[in-house]
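Here is the structure we will look at, set down as structure tokens.
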Amino acid sequence: MTHDLRPRWYSPAEVAVLLGFGISKVKMKIATGELRSIKDGKYRRILPEWVDDYIREQVERQEAA
């Protein structure tokens, strides 16, 4: 039996790697509200679907231009 151990959420550093961004760019996108996140204690976390939403919004914005 195999278990799918995909992360349930990501840190900003993990999202930076996923998107090919620097950590400061990810933090800026969080601060401006472009990338959704939550606070878990002292840590900031981002759900995988929020990363997908960000990517989808960027694609839609480019297609509309």
Side-chain angles (χ1 to χ4, degrees):
M1 175 159 61
T2 62
H3 295 281
D4 186 12
L5 296 177
R6 287 179 290 155
R8 304 287 291 182
W9 56 18
Y10 300 115
S11 69
E14 291 170 319
V15 171
V17 171
L18 286 170
L19 296 177
F21 293 167
I23 185 70
S24 54
K25 185 170 183 175
V26 170
K27 288 180 179 181
M28 180 188 65
K29 299 221 173 262
I30 290 169
T32 62
E34 288 183 77
L35 181 58
R36 215 171 143 193
S37 71
I38 60 164
K39 248 348 221 165
D40 180 36
K42 67 178 184 173
Y43 300 105
R44 179 104 7 225
R45 297 292 181 231
I46 301 138
L47 294 176
E49 55 263 29
W50 295 343
V51 176
D52 294 339
D53 291 344
Y54 169 78
I55 293 168
R56 186 174 20 266
E57 288 166 9
Q58 295 305 307
V59 169
E60 289 171 359
R61 187 175 301 149
Q62 288 295 313
E63 289 176 345

### Separation between CD1 of I30 and CH2 of W50, rounded to the nearest 0.5 Å
10.0 Å
### Query
If you round to the nearest 0.5 Å, how far is CD of Q58 from CZ of R61?
4.5 Å
### Summary
To the nearest 0.5 Å, atom OG of S11 lies from atom CG of D40 at 12.0 Å
### Task
Show your working on side-chain contact (heavy atoms from CB on, under 4.5 Å) between W9 and I38 and close with a plain yes or no.
CA-CA 10 Å; W9 56 18; I38 60 164; 3.6 Å; yes
### Task
Supply the atom-to-atom distance S37 OG to L47 CG, rounded to the nearest 0.5 angstrom.
9.5 Å
### Query
Can you list the residues that meet the side chain to side chain contact (heavy atoms under 4.5 Å, CB included) rule with D52, with sequence neighbours excluded?
R56
### Set of residues satisfying side-chain hydrogen bond (donor to acceptor under 3.5 Å, both in side chains) with respect to E34, sequence neighbours excluded
K29, T32
### Query
Can you name the nearest heavy-atom pair linking P48 to P7, along with the distance?
CG-O, 3.8 Å
#### Entry: E14 side, atom CD; R45 side, atom CZ - distance, nearest 0.5 Å
7.0 Å
### Task
May I ask whether I46 and I55 are part of the same hydrophobic cluster, defined by side-chain heavy atoms of I, L, V, M, F, W, Y residues being less than 4.5 angstrom apart, directly or through others?
yes
### Query
Looking at CG of L35 and CG of L19, how far apart are the two atoms once the value is rounded to the nearest 0.5 Å?
7.0 Å
